[in-house]
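Counting from 1, the numbers follow the sequence of the chain as shown. Whatever order the structure lists ligands and atoms in, that order sets their numbers, starting from 1.
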Amino acid sequence: MPIYPPEPFRIKVTEPIHLIPPAEREAALRDAGYNLFSMKAEAIYIDLLTDSGTGAMSQEQWAALMRGDESYAGARSYYRLKAAVEDIFGFKYFVPTHQGRAAENILSACLVKPGQYIPSNMHFDTTDANIRARGGRPTNLIIDEAFDPANLHPFKGNMDTAKLRAFIEKTGADNIPFGMMTVTNNAGGGQPISMENIKATAAVYHEYGIPFFIDAARCAENAYFIKLREKGYENKSVIEIVREMFSAADGMTMSAKKDAIVNIGGLLCMNDEKLFANVKNELILREGFPTYGGLAGRDLEAMSVGLYEGLDEAYLAYRLAQTAYLVTRLNEAGIPTIQPAGGHAVYIDAHAVLPHIPQAEFPAQALCVELYREGAIRGVEIGSVMFAYPDPDSGKTIYPKLELLRLAIPRRTYTQTHMDYVADCAARIKSRAVQVRGYKFTYAPELLRHFTARFEPL
Ligand code: F0G
């Protein structure tokens with residue numbers, strides 16, 4: 001077993017958690033329509049639903065909250081955030097937003113026209129849905145290795161730049177208002193993108209005059225993977241790597257609830273002055289004045305501090321090692337996961353654990369329910385519930401290539417013992433996997449259906 005660094009912090013404030021008995025868990029499942037999004041958080045023991053907004057803030061962040069300037073316009077807290085954003089990302093213009101999807105909505109509102117395409121390595125669900133909501137067509141052009149869970153490619157989030165070029169040639173650059181890239185690739189295993197690939201992708205977009213936006217939710221974790229794995233970056237600091245990554249782009253959307261370790265917040269950055277003017281109008285309409293963007297002044301303060309803490313290398317070493325530890329423990333129990341370990345989450349290959357359940361019966365959802373039943377652990381389905389959709393041309397259901405159960409690890413929140421508990425519960429499910437059954441919808445909305453769907457066991 002490799003050596004994992006201990007937590008680079010000690011615990012000053014605690015929050016109690018309780019394991020409710022099996023009968024209560026069963027009732028909670030029934031009440032929630034077998035959708036763990038619909039469950040009371042108090043019924044959960046270890047909550048790995050998301051790493052978004054669930055991290056523990058530091059003493060410096062809590063102290064910064066007290067400095068929050070709640071002025072409606074021109075608050076001190078805005079200027080502190082502006083300095084951090086400029087220092088780290090280097091874009092000319094930015095607005096705060098209440099979270100990542102607000103930035104995506106504003107960008108889509110300003111740039112996407114019906115029928116237009118927005119390529120990416122792989123869009124996350126909210127980005128995908130925000131583009132679709134404007135009549136756009138999100139398109140994923142990741143390398144093929146991403147679809148092979150066992151493949152050990154060190155940068156499995158990379159864009160396939162040959163596919164991208166062919167796609168632009170076929171679609172026409174005029175039909176592509178902007179291109180994207182998600183770092184790290186959340187929907188495909190939290191896998192990183194190499195610096196070489198970021199620059200190559202930028203070069204293709206720019207050759208065709210297409211602006212390049214990065215979805216920066218987990219850019220710090222991505223930068224640390226570059227430091228660990230990409231030749232020439234081993235002696236660069238993470239902040240230098242981040243600056244280099246973003247110097248290739250024309251803008252970014254960011255959910256600060258991930259690598260900036262805040263409970264709420266986001267960013268939309270760009271270099272284009274005309275776009276910035278439109279973004280500000282859209283922001284005022286839906287979010288708030290451009291110097292607070294739907295957040296309280298204290299939230300801006302926590303973000304300013306958290307943006308730097310997320311780049312701390314001792315923290316990132318521990319962070320990626322904690323994820324790798326859970327992967328190792330699960331694999332030792334015979335539970336296949338996406339390899340190599342990603343940054344923020346473990347992705348169990350539900351297809352491999354429950355091969356007898358077809359995609360139309362939601363194997364990853366079945367595994368998700370089972371993990372709750374076994375140990376009151378909450379993960380999230382990333383498979384057919386989240387990503388199967390009718391083809392706009394043929395009307396036929398298109399299923400995703402992977403059926404995954406994601407266990408996302410909140411930052412600085414759970415210890416190694418918690419990870420051991422999760423691995424032990426998963427191992428017990430593995431031993432009774434043949435008895436696990438699939439599910440069918442009793443309700444499903446058209447967009448983002450995983451949040452509110454209800455199910456019934458088959
Ligand atoms: N982009 C990526 C890559 C994300 O993972 C998320 C959120 C968003 C954008 C949207 O940001 O939640 O602040 O509006 N992902 C969360 C998750 C919800 O659980 O992975 P948001």
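Among the atoms of Thr126, none of the N or O lies under 3.5 angstrom from an N or O of ligand 1. Residue contacts with ligand 1: Thr184 is placed with no nitrogen or oxygen under 3.5 Å of a nitrogen or oxygen of the ligand (distance criterion only). Where the criterion is an N or O separation shorter than 3.5 Å, residue side chain and backbone included, Asp215 meets it with respect to ligand 1. Ligand 1 has no nitrogen or oxygen under 3.5 angstrom from a nitrogen or oxygen of Ala102. In terms of N/O distances under 3.5 Å, ligand 1 is approached by Ser255.
Among all protein heavy atoms, the one lying closest to atom 12 (O) of ligand 1 is Arg101 NH2, 2.8 Å. The single protein non-hydrogen atom nearest to atom 21 (P) of ligand 1 is Gln99 NE2, 3.3 Å, given as residue, atom name and distance. Looking at atom 4 (C) of ligand 1, its nearest protein heavy atom turns out to be Phe124 CD2, 3.5 Å.
Salt bridge annotation for Glu221-Lys258: absent, with no cationic side-chain nitrogen under 4.0 angstrom from a carboxylate oxygen.
If you number the atoms of ligand 1 from 1 as listed, the ones under 4.0 Å from a heavy atom of Thr182 come out as 3 (C). Close approach to Thr50 involves these atoms of ligand 1, each under 4.0 Å from a residue heavy atom: 16 (C), 17 (C), 19 (O). The distance from ligand 1 to the heavy atoms of Glu104 drops below 4.0 Å at these ligand atoms: 1 (N), 8 (C), 9 (C), 10 (C).
A donor and an acceptor atom, one from each side chain of Glu309 and Ser58, are located under 3.5 Å apart.
Residue Leu152 places its CG atom among more than 12 non-hydrogen atoms of other residues, nucleotides or ligands, all under 6.0 Å distant.
Judged by the 6.0 Å distance and 45° axis criteria, Arg449 is not positioned over the aromatic ring of Phe441.
Of the inter-residue distances, the one linking Asp250 atom CG with Cys269 atom SG reads 12.0 Å to the nearest 0.5 angstrom.
Within the structure, side-chain hydrogen bond (donor to acceptor under 3.5 Å, both in side chains) contacts touching residues 32-48 (residues at least two apart or in different chains) are Asp47-Arg378. Evaluation of the salt bridge (charged side-chain N to carboxylate O under 4.0 Å, His left out) test over residues 95-108, restricted to residues two or more places apart or in two chains, returns none.
Arg80 is not listed as a side-chain neighbour of Asp69, based on a closest heavy-atom distance of 4.5 Å or more.
Relative to atom 20 (O) of ligand 1, the option among Met254, Lys258, Arg406, Lys257 with the closest non-hydrogen atom is Arg406.
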